[in-house]
Amino acid sequence: MAFTFTVNGKSATVDVPADMPLLWVIRDVLDLKGTKFGCGAGLCGACTVHIDGRAVRSCQTPVSTVASKQVTTLEGLGTIAEPAPIQRAFMEEQAAQ
């Protein structure tokens, strides 16, 4: 089934099963690797994205629930020239997500 939503300010349409976790759509279909798999149970926060400005765990969010919504991943927070504060902190500390 096809779902259209906005990712980091750009329209995206994906043809995937309705119950596919948003995490796998982001990583495997849209090839955005900033969102990570951690525990798979929504507990660790490695897969957190913003949907319409609200933080959610993408490993527990079916793609069908984001149709027509705004999704922001780590890649959408800043640019290489002007990283967001969280991106800058990760770089300064040489941290893995």
**Item:** Beyond-backbone contact of Val25 with Phe5, side-chain heavy atoms, under 4.5 angstrom
**Value:** yes
**Fill in**
Closest non-hydrogen contact found for Pro21 with Cys59 is CB-O, 3.7 Å
**Prompt:** Which other residues end up in the same hydrophobic cluster as Leu43, if Ile, Leu, Val, Met, Phe, Trp and Tyr are linked when side-chain heavy atoms come under 4.5 Å apart?
**Reply:** none
**Request:** For residues Leu74 and Thr35, determine if any side-chain heavy atom of one lies less than 4.5 Å from a side-chain heavy atom of the other.
**Result:** no
**Asked** Excluding sequence neighbours, so at least two apart, what forms side chain to side chain donor-acceptor pair (under 3.5 Å) with Thr4?
**Response** Thr13
**Asked** Just by distance, do the side chain of Gln87 and the backbone of Ala84 share a donor-acceptor pair under 3.5 Å?
**Response** yes
**Complete:** For residues 13-71, the ring-ring contact (aromatic ring centres under 6.0 Å, His included) pairs (sequence neighbours left out) are Trp24-Phe37
**Asked** Which residue pairs satisfy the salt bridge (Lys or Arg N to Asp or Glu O under 4.0 Å) criterion with at least one member in residues 47-59, sequence neighbours excluded?
**Response** none
**Request:** Could you list all the ring-ring contact (aromatic ring centres under 6.0 Å, His included) pairs where at least one residue sits in residues 56-78, not counting sequence neighbours?
**Result:** none
**Request:** Mind jotting down which residue pairs meet the salt bridge (Lys or Arg N to Asp or Glu O under 4.0 Å) criterion with at least one end in residues 15-29? Sequence neighbours excluded, please.
**Result:** none
**Message:** Suppose the criterion is side-chain hydrogen bond (donor to acceptor under 3.5 Å, both in side chains): which pairs have a residue in residues 68-78, not counting sequence neighbours?
**Reply:** Asn8-Thr73, Thr73-Glu75
**Asked** Is there a side-chain contact between Val71 and Thr6 (heavy atoms, below 4.5 Å)?
**Response** no
**Item:** 4.5 Å side-chain heavy-atom contact, Met20 and Pro62
**Value:** no
**Complete:** Across all chains, not counting sequence neighbours, the side chain to side chain donor-acceptor pair (under 3.5 Å) partners of Asp31 are Lys33
**All side chain to side chain contact (heavy atoms under 4.5 Å, CB included) counterparts of Glu82, not counting sequence neighbours** = Thr79, Arg88
**Message:** On a heavy-atom basis, which atom in Ser58 and which in Cys47 lie closest, and how many Å separate them?
**Reply:** OG-O, 2.6 Å
**Complete:** By side chain to side chain contact (heavy atoms under 4.5 Å, CB included), Ala67 pairs with (sequence neighbours left out) Phe3
